[in-house]
Number of protein chains: 2
Amino acid sequence: MSSIPPTVPELAPPLAAGGLPAPAFSPLYQQIKGLLLQSLESGEWKPGESIPSEMDLAARFRVSQGTVRKAIDELASENLLVRRQGKGTFVATHAEQHVQYRFLKLMPDRGDADTEGPAERRIIDCRSSRASAEVARALGLRSGESVIQARRVLAFRGVPTILEDLWLPGVTFKGLTAQQMSDYPGPTYAMLELEFGVRMVRADEKIRAVLPDAEQSTLLQVTPATPLLSVVRTSYTYNDVPMELRRGLYRTDTHHYRNELS
Amino acid sequence: MSSIPPTVPELAPPLAAGGLPAPAFSPLYQQIKGLLLQSLESGEWKPGESIPSEMDLAARFRVSQGTVRKAIDELASENLLVRRQGKGTFVATHAEQHVQYRFLKLMPDRGDADTEGPAERRIIDCRSSRASAEVARALGLRSGESVIQARRVLAFRGVPTILEDLWLPGVTFKGLTAQQMSDYPGPTYAMLELEFGVRMVRADEKIRAVLPDAEQSTLLQVTPATPLLSVVRTSYTYNDVPMELRRGLYRTDTHHYRNELS
DNA sequence: TAGTGGTCTAGACCACATA
DNA sequence: ATGTGGTCTAGACCACTAC
């Protein structure tokens with residue numbers, strides 16, 4: 001039989017472009033995904049902007065459109081990119097109209113988040129501070145390193161419902177003020193994208209039932225005997241770098257934390 | 001110019017096989033996905049078994065392997081199927097070795113779920129009953145219809161940690177006994193697969209912080225002032241048919257509910 | 001009309017598992 | 001050695017969006 005020549009094209013030095021493709025022997029589309037991640041991380045494409053078309057990227061990386069597509073598919077499934085048919089592929093942002101408060105899973109018992117309108121925010125405190133051992137561990141810092149610490153109350157329809165404490169690495173978020181947190185009319189994560197170029201792409205939460213201390217119960221206007229949900233969240237930017245520690249106390253008499261399992 | 005004939009093959013009456021492919025004009029791979037779902041639902045392939053190879057399925061449905069692959073990809077991403085390279089594609093089951101207790105998100109604060117060993121179960125109650133309005137709504141029944149109601153305590157290392165109340169549609173789970181629940185050495189969901197052929201593929205949870213009543217605090221051996229996590233779960237089998245309502249009370253002094261956001 | 005992502009096909013080769 | 005799923009390519013057509 002006549003042997004058919006392999007279909008593999010002369011694939012020039014595979015990915016001569018700078019940047020080490022992770023484990024060196026991963027599938028091509030994984031390497032492409034890594035390169036796309038680098039471009040996202042470096043800010044080549046900013047939140048809300050569109051990235052080049054699949055064809056353009058295929059030409060740039062010297063691979064087929066299908067390979068680029070598979071890389072983009074994974075990034076889209078991880079919520080880093082958003083595809084819009086006929087328009088292009090866009091860098092995900094916390095400032096989206098219809099996915100606002102992506103990380104907030106507290107829902108009103110009656111009605112839905114949309115009809116409830118945006119939360120009213122009251123900033124209690126926002127100051128530069130030193131990382132405790134616990135905060136340092138969560139943020140990948142050393143104890144005593146600079147952090148921005150903030151406390152605020154979120155209210156829905158005038159009812160204080162969430163008390164939040166935030167800790168952010170001081171070196172990255174230097175200059176963040178209560179004014180900024182209070183002024184921006186949207187998710188804080190969207191403000192951090194805009195003002196500091198840091199995007200939270202993933203988070204872990206540890207949830208417990210607790211009783212508030214005196215100060216907490218006062219701020220939430222509940223009795224100290226009211227059980228509350230404690231939600232400790234660590235948020236990560238690209239490459240699993242922790243960028244925020246947040247502790248929320250949620251009232252769950254009018255709201256509930258909604259989760260989907262599969 | 002010479003016009004090139006279209007690449008579309010003579011695709012026989014598209015999917016003459018019985019069963020209405022949802023909205024009639026969905027993508028081919030979605031229709032294939034629907035047919036695969038029917039086979040899963042009808043029990044043609046049972047939990048833990050392998051399904052036919054992609055090539056076989058492609059021949060059966062008269063489509064290309066790539067189209068079958070995309071259908072399987074989606075079912076795998078929804079945890080209905082599990083791919084194993086070199087071996088085949090398998091029907092997911094709650095009896096898996098390494099994904100036991102898929103729906104249980106309560107983790108020990110120190111160590112991990114593996115080192116903790118399996119939970120000890122104590123069945124408090126298991127009897128036939130009538131659906132209250134609330135239970136009926138959750139299970140898609142009418143008030144007063146037959147339900148199996150059960151209550152049990154799960155302990156880790158001898159410490160009672162979870163108090164669960166379960167409600168199951170009586171017509172589907174007729175004959176379920178405390179003995180069965182107690183004897184089966186694994187997740188209850190695996191037992192329900194084996195004994196009743198019902199597989200839970202998805203669930204919703206509503207989480208709150210609550211205080212236990214007298215009976216609950218006794219069963220969990222905590223004071224009535226101990227805040228607990230209330231986790232109300234509705235579990236669904238194929239086609240979003242609700243098949244279980246479960247309310248868990250979790251102690252969160254030694255454990256926490258872990259969630260990942262993206 | 002042109003450009004984008006979405007679907008579908010076809011065929012080749014690779015990596016892994018089993019016999 | 002054989003069969004499975006995994007990767008990669010290539011090209012065609014479809015559906016949506018904007019101009």
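Below, each value reflects all heavy atoms present in this structure, side chains not excepted, and no hydrogens, waters or symmetry copies.
Place Tyr29(A) and Asp56(B) on DNA chain D by their nearest nucleotides, and Asp56(B) ends up nearer the 5' end.
Annotation: side chain of Ile162(A) is in contact with side chain of Leu104(A) (closest heavy-atom distance under 4.5 Å). Looking at Val231(B) and Asn259(A), their side chains never come closer than 4.5 Å, going by heavy atoms from C-beta outward. The shortest side-chain heavy-atom distance between Leu36(A) and Trp45(A) falls under the 4.5 Å cut-off.
Across the protein-nucleic acid pair, Phe90(A) atom CZ and dT17(D) atom C1' stand 10 Å apart, rounded to whole Å. Taking atom CD on Gln65(A) and atom P on dT9(D), their separation rounds to 11 Å, with Å as the unit. In this structure, the CZ atom of Arg62(B) is 17 Å from the C1' atom of dA10(C), given to the nearest Å. Atom P of nucleotide dG5(D) and atom CG of Leu81(B) are separated by 11 Å, given to the nearest angstrom. If you measure from atom CZ of Arg83(B) to atom P of dG3(D), you get 19 Å, rounded to the nearest angstrom. The CG atom of Leu28(B) sits 17 Å away from the P atom of dC13(D) (whole-angstrom rounding). The distance from atom CD1 of Ile72(A) to atom P of dT4(C) is 12 Å, rounded to the nearest whole Å. Computed from coordinates, the Ile32(B) CD1 to dT7(C) C1' distance equals 13 Å when rounded to whole Å.
Side chain of His94(B) to main chain of Glu193(B): no donor-acceptor pair is present (N/O by atom type, distance under 3.5 Å, no hydrogens or angles). Side chain of Arg60(A) to main chain of Pro52(A): no donor-acceptor pair is present (N/O by atom type, distance under 3.5 Å, no hydrogens or angles). Here the side chain of Gln30(B) pairs no donor or acceptor atom with the backbone of Pro27(B) at under 3.5 angstrom. Side chain of Lys70(A) to main chain of Thr67(A): no donor-acceptor pair is present (N/O by atom type, distance under 3.5 Å, no hydrogens or angles).
Residue Thr89(B) places at least one side-chain N or O closer than 4.0 Å to OP1 or OP2 of dG5(D). Between Arg84(A) and dC16(D) there is no side-chain polar atom (N or O) within less than 4.0 angstrom of OP1 or OP2. A sub-4.0 Å separation between OP1 or OP2 of dG5(C) and a side-chain N or O of Arg69(A) is absent.
Of all the residues in residues 39-55 of chain A, not one reaches under 4.0 Å from DNA chain D with any non-hydrogen atom.
Residues that satisfy the side chain to side chain donor-acceptor pair (under 3.5 Å) test with Arg152(A), not counting sequence neighbours, are Glu164(A), Thr188(A).
Tested against Ser235(B) for a side-chain hydrogen bond (donor to acceptor under 3.5 Å, both in side chains), the candidates Arg246(B), Arg199(B), Glu244(B) yield a single pass: Glu244(B).
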Protein-nucleotides 15-19 of chain C N/O pairs closer than 3.5 Å?
unit_1: dC16(C); atom_1: O4'; unit_2: Gln85(B); atom_2: OE1; d: 3.0
unit_1: dT18(C); atom_1: OP1; unit_2: Lys87(B); atom_2: NZ; d: 3.4

